[in-house]
A.B. asks: 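Quick one: structure below, then a few questions.
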Amino acid sequence: MAHRWGMVIDLDRCTGCEACVVACHAENNIATVGEKQAAMGRAIHWIRVERHWEGEFPNVRVRFQPIPCQQCDDAPCEPVCPTYASYQNAQGLNAQIYNRCIGTRYCANACPYTGRYFNWFNPSWDKPLQLQLNPDVSIRESGVMEKCTFCFQRILAAEANAQAEKRQLRDGEFSPACVQSCPSEAMVFGDLDDPQSEVSRLSRSDRGVKLLGEVGTFPKVTYLTRES
Amino acid sequence: MKRRTFLIFSAASAAGALVDVTHKKGLPGKEMIRFIPETKLVPGVAVHRPGICTQCPAGCGLDVRVMEGHAEVVRNGQAGLLRMGLAKKLEGNPEHPVNLGKLCARGQAGLQVTYNPDRIGHPLKRVGPRGSGEYIEISWEAAIGELTDRLRPLASQVDSSGLVFLTQPLRGQRQVLIERFLSVFAGSAHVPFEFFDDAVLREANGLSFGHYQLPTYDLANSRYVVSLGADFLGTWNSPVAQSLAYGTMRQGRSGVRGRFVQVETRMTQTGANADEWLSANPGSEGNLALGLAHVLINEHLRSAESAASAGDLIEGWKDGLPQYSSEAVAWKTGVPPATIRRLARDLSAHQPAVVIVGGSPLAQTNGLFTALAVNALNALLGSANQPGGLQFSPYAAGFAAPAEPRKGVLSPNELAQQILTGRPSPVQALLVYGANPAFATPPGWQVKESLEKVPFIASFSNFVDETTEMADLLLPDHSYLESWLDHVPESGTNEVVIGVAPPAMEPLHNTRATPDVLIETAHRLGGRAAQALPWKNYEEMLRSTVLPLRHFPGSVAAGSDDDFWKKVQQQGGWWGTTTGQTSKSASRPASFSPVKEQQPEFDGSAKDFPFHFLPFASQQFYDGRNANLPWLQEMPDVLTTAMWGSWVEINLQTAQELQIEQGDLVEVASAHGVLQAPAVPSPGIAPDVIAMPVGQGHAQYGRYATGRGANPISILGPQRETNTGALAWASTRVRIRRVGKNGELCLFSTGPITWGEKQLKR
Amino acid sequence: MAQHVITPTSARPFDRDTINQDLLQPVLHTSRRFYGLTSILAAFVLAGLAAFLFQAYAGLGVSGLRRPVFWGFYITNFVFWIGISHAGTLISAILRLVNARWRRPVTRCAEAITVFALLIGASFPVIHLGRPWLFFWLIPYPSERGIWPNFRSPLLWDFCAILTYITGSLIFLLLPMIPDLATVRDRTAGWRKRVYGAVALGWRGTPREWHRLEMAMRIMAVVIIPVAVSVHTIVSWDFAMAPVPMWHSTVFGPYFVAGAIFSGIAALIIAMAFLRKFLHLEQYLKPIHFDNLGKLLLVMSLLWIYFIVAERLTVWYGNSTPEMAVLLATERGKFLPLFWAMVCCNFLIPFPILAIKRFRTVTGTVIASTTVVIGMWLERFLIVVPSLEFKYLPFDWGHYRPSWVEITITLATFAAMPLLYLLFVKFVPIISMWELKGGEPVAAPRVEAASSWTQSRVPTEEPLPGSVD
C-alpha cells in the first residue's frame, strides 16, 4: 500500500535545541567537514535550525525554524536533474540516487529552501570514528548531492517488519531520527494519506503554514506557527 | 569469455592485488589476526540495549542501537579484528521516566566518545617531565601494581594519609564505591567538582524546603512560567525532561497554552523561546523576585503567611517586604515598575505558576540570597511541591548519597591551597576521575600550579586533558557504552529512578572500568581495604545493591533474584514510588537568621572594566567536556550559528559604538587575564554585558579541541558566593577592545542578523 | 553556366594573385612571432588544464563554490562563451541571406569564432561537474538499465542544443572552406598537399560541385539561424526554469539572445582588428567593415539596455520580497560596483562611441567592443551569482568568492580562444578567398585560364590538373 509521508513541525514547541541536527548526523552518516570548510559554507546539515531575530534590545525576540527537506509534491529540484538522480519516489519523497548524480548542482540552485548539500570532497572519518557509521545508509563520495531522505532506511525497515508480520504499518510505529529524538516533541511524522494519522490531523490545523508556499512547491512539511 | 570464468578471473586478480599490496609493504607481522567473534549477532539486524547517558548530570536513559561490525581491537596486548556488536546510534530509552525516549544533541553525540580517535587505549606511565606528554605503555598488571605500591604506604597512615580523590559529582554506586575505598585511608578526601555545579540552589532548597537537591519542574501542568537566567531547555538541570514538559506546556493541553517569561542579561537558547524576554541587571534577580512578592502581598493577591518557612528566611517578609516596592526594585533591576506589577498579577492570575532560577543569577556573590528570594516567591505562589510548580524527586535510599547541606566538601580551590601550603596536611596522592579542574577553575585558584606539587597523580580519564596531562599514571576507563552504569537522577521525574545498564558493547581498547580497577586495587592492598570492597567486580556490587528492590512495587516484577536482575538490565534500571525509606527532610539549621538584601559584588572596578563578563554553558559542549566530539564542534550554536570555535557576544549598539563588526578579533581583559576571540554582535544581550561560551580553549583535549578558541574561565576572578563558597563565575568585570579584522569566525548562517521591511525600504 | 558566376558588384583594387599571396601568406610561412605567441597562450591553456585535472582529482571543493552559490565562475564562463559564439554563424548567416556584400571578408573570421567559442563554452558544463568523468551520462541514450536521461531537464536541452549548434556551425564553417582548401592543396607540395587534399574532399570546382555548395550554404544559412536563437534561449532557460528570484523571468530568452549577439559582434570586431593588424589585411578588412559592424553593435547595445530596463523595472514595480533582495543587492548592495561597471561597459561607454560617426573608426569600435566583452562577462556573472547568494531564506544567504582554480581555468579559456584562432589562421586562409574573388571586378570569367582561382570559381566539366600559381 502506498504512503505519502509527511511531517508537521510545531514551532510553538520547538526550543532550538538542535537534537535533531545531531540525530540526523548520527543516523545518516553525514560527514563533518572541519573548521576551514565549515567556515566557507560547506557544512552539511540535512536538517538545520534557522534563527530569526526580531526587534532590538531590549524588546527582542527570536524565532526558530527547523528546516529539513520539505519533500515537495512539485519539487523544483526534480525536473532540472538531467540524470534522474533527483526524482520523486512512489511514496512521494524527493529521493536522491547518489550513484546517478554527476554533480551539476542544478537541483541545489533550484531548491528554494537551500535544503540540498553537496559533497565538495570525499568524506573521511578519523579511525575508529568510521565504526559509528550506520550500515543501513550509504556514504556519499565527492561530487554528489545529498539531502534529507526522511530516513528512508527506517521507512523500508518498518515496511519490511510489517510485511513479515502480515499487517499494515501503524501510525507512529517509526519515525525519522530527528522526530524520534526531539525532546519537546515538536515534530510529528506519518502518512498524510491516512486521514486518521496524527500528522494529517495536525497538518490540517489552523496554525498550519507551508514554508515559501507562494513558490508553488506544495511541501509535505507543515509548520504550526508559534502562538506568540 | 564466459561470465563464470570472468568472475573467477577477477576474483583471482583482486586477491592477487591484495597479496601484492601486503607483500610490498613487507609487514607480514602486522597482518590483522581475527578474534573469535560475538556469535549472537545477525548482520544487518539491529539490537537495542539500554544505557545511561553521562554527558551531563541529568542521567537520561539510553537506548543504544547495536549492529554487527568489524572493529580493530586490542585483546591481551594483541591487536586484531573482531566481529562484534558496535553501538551505532544513541536514542532515548522510551521507558526511562526522565527522558521518555528523547535525547538531546550532546547525548546523541556521545557515540563519538567511544569511537574517539584520541582515546587513551592502554595504561600509560609518565616518563618525561609533567605535561610533556611523554609516556610509555605498560600492562594493566604493572599499572595496578604501581597504583597499589603508591597507595599502600598511605593506607597505613594513622592520622592523615594525604590521599585525595577528585571526581565529577557522582550519583550512584560509583559514589558509594569511592567513599568506601577512601574510608580505608585516614583523613582522605573526596573532592567532587564540576564548573556548572548547582551548590547554591541545593543549599537554598535545603533551607527553604528541606530538600538539598535540584527541583523537578512540573512545567507540563504550569500555566505561567518565569525563569530567571535558567537555561532549562538547553543546558541546565534536566534539559530533556524539562523540554518534554515544556512542549506539553505550550501545545499539549487543549485550550491551554502556558505563557513563559525569561529574565536574563544574555539571551540563552531557552530565553529565545520566551513570550516575553526581559533583561535585569546582573545580580539583581533576587530583588526582582522579592519585588514580585511585594506586589503579590501588598495587592492582597497572596498572604505573606502562605510562604511558610521559606518566607521567614527573608528579612521583612512578614511586614510585606516594604523595601522592595516596584519602584525601588525597578531602580535596582532595570525592569520597569509597570512590568514588575504586571508580571506579579499574571503570576497570580494564571495558576499554577512557577518561577525558575538557575545559572548566572546564582553565580554571583549574592547567589544564595537570590535563590532564597525565588524560593520564597514560589512558596508564596503556592508552587512548592504542587502540580505545575516545583517538586523534588523522591529520595532513592541506598543508591545515592543522601542529600545533605554542603559542608566539609572541599572545592578545588581549597584543595589547591592544601597542596600548596601543606596545611592542614600535605597531599601525597591525587586520583582524578572525570573532573578537569585544571581547565575549569579560575587562575586565581592556582589549581594548575598546585598539581605540579603533588607527589603522585593517577588519572582514570578516557582522554588526555589539562588535568590528566599532569598525571604520573594513566589508567584509562572504559567509555560509558562499554561500562556497567548506574545513575540516580537528582531531578526530572517524580519517581524513584535507579538507572542500571550493562555494557552496550565490548571495549575497543585495552581499557578497564575504573570501579573494577579500584576493587582490584583494594583486593591487592588487602586487609581493611579488601573488606571495604568485598565484591568480585562492579557488576556484582551493582547486583547486590539492586536486588533488594525486588520487594518494592516498581517497574520490574520478577519471581527470582536472577530474573529480577535480568529484567532490570533489560529495562535499563528500576523505577517505582519508594525504596522503603522516606526522604529525610533535613531541617533548617536553627542558627540561620533571615537574609538581608545583599548586593552583588564584582571583581574589577566599573571604571577600568566597564562590562560584566558572562561565561555561559555552551549548547554544544556544556562545560567543555564535549569539545572533543566533531559532531558537536560542527553543530551550529543555535543563536549565533557559530561552529568550531569560541566567540564573544556583544550588544549590537555597543559594538557599533566601539566600531566592532561581526568577525572582528577582539580582546577581552579582566584583572586576571586576557583572551582573544572573534566578536558576534547580537541583539539579545544587554549593552553592559560581554558573554562567552564555556567549552573551547582547551590546551590539551585531543585533536578536535586542542588549541581551538579561548577559555573564558581563564580570565575569571576567584571570588565566591559568600554563603556557600561556590564559584561566583558570573561576577567578573572586563573591558573589551578591537584587535583586528579577521577573527576567523566560523558561522553556519552567513546571512544578515536581521532582514525585513527595514532593509527593503532603505 | 551563368548561374554559377558570381556577378561582380563592387570595385576591388587587387587581382587574384594579390589575394592568393596576401591571404595564403600566413598559411605558408611561419614567423617566430607565431611560435612565441602560441607558446605563451599554450602555457596558459596547459595551466588551466592542470587546474581542471587537480580539481577533478581533489574534488570540486578546491573551487570557491559553496552553499548556496552552487554555480559561479564556470557557469558564468559557459554562458559568456556560448554568447560569444553567436558572433559568427548567426551574423554570417543573416548577412548571407540578405546578401550583404560587405560581409565577404568577415564571414569565415566570424564563423571560426563561433566554433571555438562553442567548444570552449561547451567544456564548462563538464568542468563544473562534481564527477566530470561521468559527463557522458548527459548524452541522450538509455543506460544499460534502460533509463533515459531526463528530458524535462534544461541541461539536457542544453546538451542537445549545443551539440546541434556545434555540428551546424562546423558544417557552416567547413563547407565554404572547401574551395579555399583546394587552393591551398594546389599551392603546396609533400605532406601538406596530402593533408589539404584530404580535407578538400577532392574538390575539383565542377559546376555540379559549385551548385551543391551554393545549395548547401543556402540551406545551412536558413537552418542555423533558428538553431542559434534556440541555443541561447535554452541557455537562458537553465536559469529561467528554476524558481530562483530574478532567474525565473519570461524576458530571459530574448534577453540572452540579444546579449549573445551583442557580445558576439564585439568579439568579432576585436578578432578582425587583430587579424587586420597582425596579418596586414588592411586592404581586406577595411574601415567600412568596422563601421558596419559598429552600427550593428550600436543597435545591440540599445537592445541590451532596453532588455535590462525591461527586466529590472518590472521586478522593481513587482516588489516581491525575494526578487527585491536580489535587485537591491545588485544595484545598491554588495554588487553595486560590478553592476554599474557593467552598465558603463555595455552602454554608457560604447553608445557615444558608436553613435557618433566620427568615433566609429577601427580604434573606436575596438574600444567599444572591448568594454562590451568585459561588460557582458560581468552581466553573466551578475545573472548567475547574486540570485544564488540572495535566494529566498535570508538565513542561508552566502558569499561567493572564486578560488585560484576557477580563476586559472577562466584565464585559460581566454587564452584558448586566441590560441585556437591562431592555429586556425595558421592552417586555413582566414578570409574566404573564393568569395572575395567573386566580388572582384573582372570583365568575364576566363574559362580557359589555368590560374587556380579561376579553376575554383569557374566550373568546368572536366577536372583540371593542379594549379600553376
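By convention in this document, chain letters (A, B, ...) are assigned in the order of the sequence lines, proteins followed by strands, and residues within each chain are numbered from 1.
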A.B. asks: Check for a donor-acceptor pair, side chain of R226(A) on one end and backbone N or O of N273(B) on the other, with a separation under 3.5 Å.
C.D. replies: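 At least one qualifying donor-acceptor pair exists.
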A.B. asks: If you count heavy-atom pairs under 4.5 Å between each of A686(B), S749(B), G101(B) and chain A, which one has the most?
C.D. replies: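 Going by pairs under 4.5 Å, I would pick A686(B).
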A.B. asks: Where do C746(B) and A39(A) come nearest, in terms of heavy atoms and distance?
C.D. replies: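 C746(B) and A39(A) have their closest heavy atoms at SG-N, 3.4 Å.
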A.B. asks: Distance check, rounded to the nearest 0.5 Å: T114(B) atom OG1 versus L131(A) atom CG?
C.D. replies: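 The OG1 atom of T114(B) sits 10.5 Å away from the CG atom of L131(A).
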A.B. asks: Select one option (side chain, backbone, both, neither) describing which atoms of I44(A) are under 4.5 Å from chain B's heavy atoms.
C.D. replies: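 When you check distances to chain B, only backbone atoms of I44(A) fall under 4.5 Å.
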A.B. asks: Could you tell me which non-hydrogen atom of G16(A) sits nearest to which non-hydrogen atom of Q619(B), and how far apart they are?
C.D. replies: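 Shortest heavy-atom separation between G16(A) and Q619(B) comes out as O-NE2, 2.9 Å.
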A.B. asks: Should E185(A) and K102(B) be marked as a side-chain contact (heavy atoms from CB on, under 4.5 Å) after you check the CA-CA gap, both sets of side-chain angles, and the distance that decides it?
C.D. replies: CA-CA 8 Å; E185(A) 297 185 313; K102(B) 304 300 172 186; 3.6 Å; yes
A.B. asks: Among A177(A), A43(A), G55(A), which residue has the highest count of heavy-atom pairs closer than 4.5 Å to chain B?
C.D. replies: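 Counting heavy-atom pairs under 4.5 Å, the top option is A43(A).
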A.B. asks: Based on non-hydrogen pairs under 4.5 Å, which of C182(A), G41(A), C14(A) is most in contact with chain B?
C.D. replies: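 Answer, by heavy-atom pair count under 4.5 Å with chain B: C182(A).
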A.B. asks: Is it the side chain or the backbone of C17(A) that comes within 4.5 Å of chain B heavy atoms, both, or neither?
C.D. replies: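 Looking at C17(A), backbone and side chain both touch chain B.
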A.B. asks: Run the side-chain contact (heavy atoms from CB on, under 4.5 Å) check on Y704(B) and T32(A) step by step: do they pass?
C.D. replies: CA-CA 11 Å; Y704(B) 304 111; T32(A) 46; over 6 Å; no
A.B. asks: Tabulate, in ascending numerical order, the residues of residues 109-118 of chain A having at least one heavy atom closer than 4.5 Å to a heavy atom of chain B, or enter 'none'.
C.D. replies: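 Within residues 109-118 of chain A, near chain B: Y117(A).
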A.B. asks: With only heavy atoms counted, which part of D136(A) is less than 4.5 Å from chain B, the side chain, the backbone, both or neither?
C.D. replies: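 The side chain, not the backbone.
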A.B. asks: Tell me the closest heavy-atom pair linking L133(A) and K88(B), and the distance in Å.
C.D. replies: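 The pair with the smallest heavy-atom distance is O-NZ, 2.8 Å.
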A.B. asks: Compare every heavy atom of C104(B) with every heavy atom of P183(A), then report the nearest pair and how far apart it is.
C.D. replies: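 Smallest heavy-atom distance, with atoms named: CG-CA, 4.4 Å.
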A.B. asks: Between P58(A), A23(A), P135(A), which has the largest tally of heavy atom pairs under 4.5 Å with chain B?
C.D. replies: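 Among the listed options, the one with the most contacts to chain B is A23(A).
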A.B. asks: Pick one of side chain, backbone, both or neither for P636(B), based on which atoms fall under 4.5 Å of a heavy atom in chain A.
C.D. replies: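 For P636(B), backbone and side chain are both near chain A.
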A.B. asks: Can you say whether C20(A) sits under 4.5 Å from chain B via the side chain, the backbone, both, or neither, judging by heavy atoms?
C.D. replies: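 Interface part for C20(A): neither.
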A.B. asks: Going from CE on M249(B) to CZ on R13(A), what distance comes out if it is rounded to the nearest 0.5 angstrom?
C.D. replies: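 Reported value, rounded in 0.5 Å steps: 11.0 Å.
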A.B. asks: Measure the shortest side-chain to side-chain distance between K127(A) and E72(B) over non-hydrogen atoms and say whether it is less than 4.5 angstrom.
C.D. replies: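 K127(A) vs E72(B): side chains touch.
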A.B. asks: Heavy-atom distances under 4.5 Å only: say whether S682(B) touches chain A with side chain, backbone, both or neither.
C.D. replies: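 Side chain of S682(B) only, per the 4.5 Å heavy-atom cut-off to chain A.
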A.B. asks: Could you look at E634(B) and say if it's the side chain, the backbone, both or neither that has a heavy atom under 4.5 Å from chain A?
C.D. replies: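 Interface part for E634(B): both.
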A.B. asks: Need one label for D12(A): side chain, backbone, both or neither, based on atoms under 4.5 Å from any heavy atom in chain B.
C.D. replies: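 The answer is both parts of D12(A).
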A.B. asks: Under a 4.5 Å cutoff for heavy-atom pairs, which residue among L129(A), V62(A), V60(A), V21(A) has the most contacts with chain B?
C.D. replies: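 Most heavy-atom pairs under 4.5 Å with chain B: L129(A).
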A.B. asks: Kindly check if the number of other-residue, nucleotide or ligand heavy atoms within 6.0 Å of CD (E173(A)) is above 12?
C.D. replies: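 Enclosed: over 12 neighbouring heavy atoms sit under 6.0 Å from CD of E173(A).
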A.B. asks: So which part of Q251(B) gets closer than 4.5 Å to some heavy atom of chain A, the side chain, the backbone, both or neither?
C.D. replies: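 When you check distances to chain A, atoms from both the backbone and side chain of Q251(B) fall under 4.5 Å.
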A.B. asks: Relative to chain A, which of M67(B), Q242(B), R119(B) shows the most heavy atom pairs under 4.5 Å?
C.D. replies: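 Top count of heavy-atom pairs under 4.5 Å with chain A: M67(B).
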A.B. asks: Might you work through the side-chain contact (heavy atoms from CB on, under 4.5 Å) test for R106(B) and V22(A), ending with a clear yes or no?
C.D. replies: CA-CA 8 Å; R106(B) 292 180 301 281; V22(A) 178; over 6 Å; no
A.B. asks: Can you tell which part of I30(A) gets under 4.5 Å to a heavy atom of chain B, answering side chain, backbone, both or neither?
C.D. replies: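 I30(A) touches chain B through backbone heavy atoms alone.
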A.B. asks: Do you know the tightest heavy-atom contact between F57(A) and P687(B)?
C.D. replies: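 Looking at all heavy atoms of both residues, the shortest contact is CE2-CD, 3.2 Å.
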A.B. asks: Here's a test for you: under side chain to side chain contact (heavy atoms under 4.5 Å, CB included), which of V638(B), T641(B), L639(B) qualifies with V49(A)?
C.D. replies: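 Single side chain to side chain contact (heavy atoms under 4.5 Å, CB included) partner of V49(A) among V638(B), T641(B), L639(B): V638(B).
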A.B. asks: With only heavy atoms counted, which part of R207(A) is less than 4.5 Å from chain B, the side chain, the backbone, both or neither?
C.D. replies: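 Contact with chain B is through the side chain of R207(A) alone.
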A.B. asks: Contact part of I685(B) toward chain A, heavy-atom cut-off under 4.5 Å: side chain, backbone, both or neither?
C.D. replies: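 The backbone, not the side chain.
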A.B. asks: Is a donor on one side and an acceptor on the other found under 3.5 Å between the side chain of K89(B) and the backbone of Q132(A)?
C.D. replies: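 Checking the backbone N and O of Q132(A) against the side chain of K89(B), no donor-acceptor pair under 3.5 Å is found.
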A.B. asks: For R708(B), is it the side chain, the backbone, both, or neither that has a heavy atom closer than 4.5 Å to a heavy atom of chain A?
C.D. replies: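 For R708(B), side-chain heavy atoms alone lie under 4.5 Å from chain A.
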A.B. asks: Against chain A, label N651(B) side chain, backbone, both or neither, depending on which of its atoms sit under 4.5 Å from a heavy atom there.
C.D. replies: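 Only the side chain of N651(B) comes within 4.5 Å of chain A.
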A.B. asks: Could you give the distance from NE2 (H25(A)) to CG (L111(B)), rounded to the nearest 0.5 Å?
C.D. replies: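 With rounding to 0.5 Å, NE2 (H25(A)) is 13.5 Å from CG (L111(B)).
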A.B. asks: Counting only non-hydrogen atoms closer than 4.5 Å, does H45(A) touch chain B with its backbone (N, CA, C, O), its side chain (CB onward), both, or neither?
C.D. replies: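 For H45(A), the contact with chain B is made by the side chain alone.
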A.B. asks: Under 4.5 Å heavy-atom distance to chain A, tell me which part of D275(B) shows up: side chain, backbone, both or neither.
C.D. replies: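 For D275(B), heavy atoms of backbone and side chain both lie under 4.5 Å from chain A.
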A.B. asks: Examine whether an atom of M267(B) lies under 4.5 Å from a heavy atom of chain A, and if so say whether it belongs to the side chain, the backbone or both; otherwise answer neither.
C.D. replies: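 When you check distances to chain A, only side chain atoms of M267(B) fall under 4.5 Å.
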A.B. asks: What heavy-atom pair brings R61(A) and A274(B) nearest, and what distance separates the two atoms?
C.D. replies: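 Distance-wise, the nearest heavy atoms are NE-O, 3.6 Å.
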A.B. asks: Please lay out, stage by stage, how Q620(B) and E18(A) fare under the test side-chain contact (heavy atoms from CB on, under 4.5 Å).
C.D. replies: CA-CA 9 Å; Q620(B) 297 129 312; E18(A) 299 203 54; over 6 Å; no
A.B. asks: Quick check on L508(B) against chain A: is it the side chain, the backbone, both or neither that has a heavy atom closer than 4.5 Å?
C.D. replies: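 Looking at L508(B), just its side chain touches chain A.
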A.B. asks: Is it true that, when you exclude E744(B) itself, more than 12 heavy atoms of the residues, nucleotides or ligands shown sit nearer than 6.0 Å to its CD?
C.D. replies: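 No, not enclosed.
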A.B. asks: Side chain, backbone, both or neither: which part of R703(B) has a non-hydrogen atom closer than 4.5 Å to chain A?
C.D. replies: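 Side chain only.
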A.B. asks: Which region of R65(B), side chain (C-beta onward) or backbone (N, CA, C, O), has a non-hydrogen atom less than 4.5 Å from a non-hydrogen atom of chain A, or is it both or neither?
C.D. replies: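 The answer is the side chain of R65(B).
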A.B. asks: Measure distances from L103(B) to the heavy atoms of chain A and classify the residue's part below 4.5 Å as side chain, backbone, both or neither.
C.D. replies: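 Just the backbone, heavy atoms under 4.5 Å.
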A.B. asks: Need one label for A31(A): side chain, backbone, both or neither, based on atoms under 4.5 Å from any heavy atom in chain B.
C.D. replies: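 Answer is backbone: N, CA, C or O of A31(A) sit under 4.5 Å from chain B.
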A.B. asks: Under 4.5 Å heavy-atom distance to chain B, tell me which part of V137(A) shows up: side chain, backbone, both or neither.
C.D. replies: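 Neither part, no heavy atoms under 4.5 Å.
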A.B. asks: Do you know which of R257(B), Q653(B), Q112(B) has the most heavy-atom pairs with chain A at a distance under 4.5 angstrom?
C.D. replies: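 The candidate making the most pairs under 4.5 Å is R257(B).
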A.B. asks: Heavy-atom distance under 4.5 Å to chain A: side chain of L747(B), backbone, both or neither?
C.D. replies: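 Interface part for L747(B): backbone (N, CA, C, O).
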